[in-house]
Number of protein chains: 2
Amino acid sequence: MAETRWLNDREMRAWDGFLAASALVNRRLDQQLKDDSGLSHPQYEILVRLAAAPGRELRMTELANGLINSKSGLTYQVTQMEKAGLVRRRSCPSDVRGVFAVLTNAGSARLEEAAPGHVATVREVLVDVLTPEQLDVLAEGLGEVGRRLRGRTG
Amino acid sequence: MAETRWLNDREMRAWDGFLAASALVNRRLDQQLKDDSGLSHPQYEILVRLAAAPGRELRMTELANGLINSKSGLTYQVTQMEKAGLVRRRSCPSDVRGVFAVLTNAGSARLEEAAPGHVATVREVLVDVLTPEQLDVLAEGLGEVGRRLRGRTG
DNA sequence: TCCCGGCGGTTCGAATTTGAACAAACCTGA
DNA sequence: TCAGGTTTGTTCAAATTCGAACCGCCGGGA
């Protein structure tokens with residue numbers, strides 16, 4: 001076991017800041033979405049992804065790989081959203097095992113309804129707090145962080 | 001309702017990056033801690049805070065305000081950790097309602113044991129991925145984000 | 001002294017999350 | 001054609017989370 005390289009002051013401040021911001025932002029987002037739209041953050045993310053997907057549908061696995069949650073977690077959420085009429089399941093014609101999650105019109109409407117408030121909160125808690133230069137650094141740095149982590153199974 | 005100011009490309013990239021990194025980093029951290037030390041990330045955070053506190057003890061409320069989780073969530077975790085012998089409850093002499101969470105020697109030992117692996121992972125997923133300049137921007141920018149959010153009740 | 005609003009923690013129930021186990025279908029190579 | 005390993009999505013039990021309700025206690029003012 002090599003000698004531990006502890007974090008110096010600069011590194012510690014960055015790490016603490018990241019961790020705290022991460023927790024607080026997520027909490028706030030969840031709260032705002034639930035209060036204003038009755039959607040959880042994971043559910044909102046699913047709607048966004050489906051809305052952006054060609055044909056407004058995605059395979060369960062693709063959806064899970066996005067980042068949201070584990071496979072089983074996704075199954076749960078999609079089931080909930082299906083009950084709420086926001087999403088519909090469609091079996092894949094070329095692979096019997098496969099399942100598409102399809103965005104319904106109701107789901108699309110719900111998303112459009114929730115989006116403005118969500119964006120406003122995103123600005124309030126993060127985007128409008130930072131300068132354009134800071135935003136660029138964030139995009140580049142954290143983008144790389146995410147890229148390196150993506151692909152690991154959970 | 002004012003016109004919605006949607007996110008431009010730069011803002012979107014920053015936001016996506018932040019969100020993805022946040023989720024992925026947290027997932028990875030949780031996994032590493034659990035695998036190597038049998039601690040959850042919340043539990044690790046509690047140990048760190050207590051270790052840094054004068055007398056190695058903190059009031060429940062102070063601990064909850066840190067950021068971890070809701071009051072009830074903290075009650076749950078402290079109970080778990082008490083069962084595991086990592087922490088002990090001590091009632092506050094000057095206020096019957098008050099409760100201190102106190103770090104035990106076992107808790108302290110457990111933390112020292114877990115820390116090297118944790119720090120290594122923190123470096124691997126974030127700190128060593130970024131340049132010193134990026135770390136500074138992160139610390140400053142996200143520090144401000146956190147500061148603005150802190151103090152809201154969950 | 002007594003009353004009342006607020007604080008500190010816990011308890012409760014409901015919702016959500018996760019990993020492991022599972023069953024079925026797919027695909028590759030012999 | 002067939003065996004074997006892999007992929008897909010679901011099910012299951014267990015752990016964790018949250019918010020709301022709750023109880024007892026604190027402190028200030030009448």
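Just so it is clear: chains get the letters A, B, ... in the order the sequence lines come, proteins before strands, and each one is counted from 1.
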Visitor: Just to confirm, is there a sub-4.0 Å distance from OP1 or OP2 of D:dG9 to any side-chain nitrogen or oxygen of A:R59?
Guide: yes

Visitor: For A:N65 and D:dG9, give me the distance from atom CG to atom C1', rounded to whole Å.
Guide: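 It works out to 13 Å between those atoms.
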
Visitor: What are the two closest non-hydrogen atoms of A:L111 and A:L47, and how far apart are they?
Guide: CD2-O, 3.7 Å

Visitor: Just checking A:G73: base, sugar-phosphate only, or nothing, at a heavy-atom cut-off of under 4.0 Å?
Guide: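 The answer is base, as A:G73 lies within the cut-off (heavy atoms under 4.0 Å) of a base atom.
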
Visitor: Figure out the CG/P separation between A:D35 and D:dC18, and round it to whole Å.
Guide: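 My rounded result for the distance is 15 Å.
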
Visitor: Could you give the CG-to-C1' distance, from B:D30 to D:dA15, as a whole number of Å?
Guide: 12 Å

Visitor: Please name all residues satisfying side chain to side chain donor-acceptor pair (under 3.5 Å) with A:E144, sequence neighbours left out, ordered by chain then number.
Guide: A:R147, A:R148

Visitor: What residues, two or more places apart in sequence or in another chain, satisfy ring-ring contact (aromatic ring centres under 6.0 Å, His included) together with B:H41?
Guide: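 ring-ring contact (aromatic ring centres under 6.0 Å, His included) list for B:H41, sorted by chain: empty.
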
Visitor: Nearest-Å distance, NE2 (B:H41) to P (D:dA15)?
Guide: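 Answer to the nearest Å: 21 Å.
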
Visitor: On DNA chain C, compare the nucleotides closest to B:Y76 and A:S40; which residue's is nearer the 5' end?
Guide: B:Y76

Visitor: Can you tell me how far C1' of D:dT10 sits from CG of A:N69, to the nearest Å?
Guide: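 So the two atoms are 14 Å apart, to the nearest Å.
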
Visitor: Is the distance from OP1 or OP2 of D:dT10 to the nearest side-chain N or O of A:S72 less than 4.0 Å?
Guide: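 No, because none of the side-chain N or O atoms of A:S72 sits under 4.0 Å from OP1 or OP2 of D:dT10.
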
Visitor: Could you identify which residues of residues 79-89 of chain A place a heavy atom less than 4.0 Å from some atom of DNA chain C, listed by residue number, or say none?
Guide: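 The answer is A:Q80.
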
Visitor: Which whole-number value in Å describes the distance from A:K71 NZ to C:dC22 P?
Guide: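 Nearest whole value for this atom pair: 14 Å.
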
Visitor: Quickly work out the B:L74 CG to C:dC7 P distance and round it to whole Å.
Guide: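 My rounded result for the distance is 19 Å.
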
Visitor: Can you tell me how the ring of B:F18 sits relative to the ring of A:F18, calling it parallel under 30°, perpendicular over 60° and tilted otherwise?
Guide: perpendicular

Visitor: For B:V96, what are the other residues in its hydrophobic cluster, where any two members join if their side-chain heavy atoms are less than 4.5 angstrom apart?
Guide: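 None; B:V96 is a cluster of one.
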
Visitor: Output yes when at least one side-chain N/O atom of A:Q77 is less than 4.0 Å from OP1 or OP2 of C:dT17, else no.
Guide: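 For A:Q77, the contact criterion (side-chain N or O under 4.0 Å from OP1 or OP2 of C:dT17) is met.
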
Visitor: Between A:R88 and A:E57 (salt bridge meaning N to carboxylate O under 4.0 Å), is one present in this structure?
Guide: no

Visitor: B:N26 CG to D:dT17 C1': how many Å, rounded?
Guide: 15 Å

Visitor: Nearest to the B:V99 side chain among D:dT8, C:dT18, C:dG9, which nucleotide is it?
Guide: C:dG9

Visitor: Please produce a list of atom pairs where a protein N or O lies less than 3.5 Å from an N or O of nucleotides 25-28 of chain C.
Guide:
unit_1	atom_1	unit_2	atom_2	d
C:dA25	N3	A:R97	NH1	3.3
C:dC26	OP1	A:V96	N	3.2

Visitor: Are the side chains of A:P132 and B:R10 in touch, meaning some heavy atoms are under 4.5 Å apart?
Guide: yes

Visitor: Say whether A:Y76 and A:L63 are linked into one hydrophobic cluster, either directly or through other cluster members, by side-chain heavy-atom distances under 4.5 angstrom.
Guide: no

Visitor: I'd like to check the side-chain contact (heavy atoms from CB on, under 4.5 Å) partners of A:A120; sequence neighbours left out, ordered by chain and number.
Guide: none

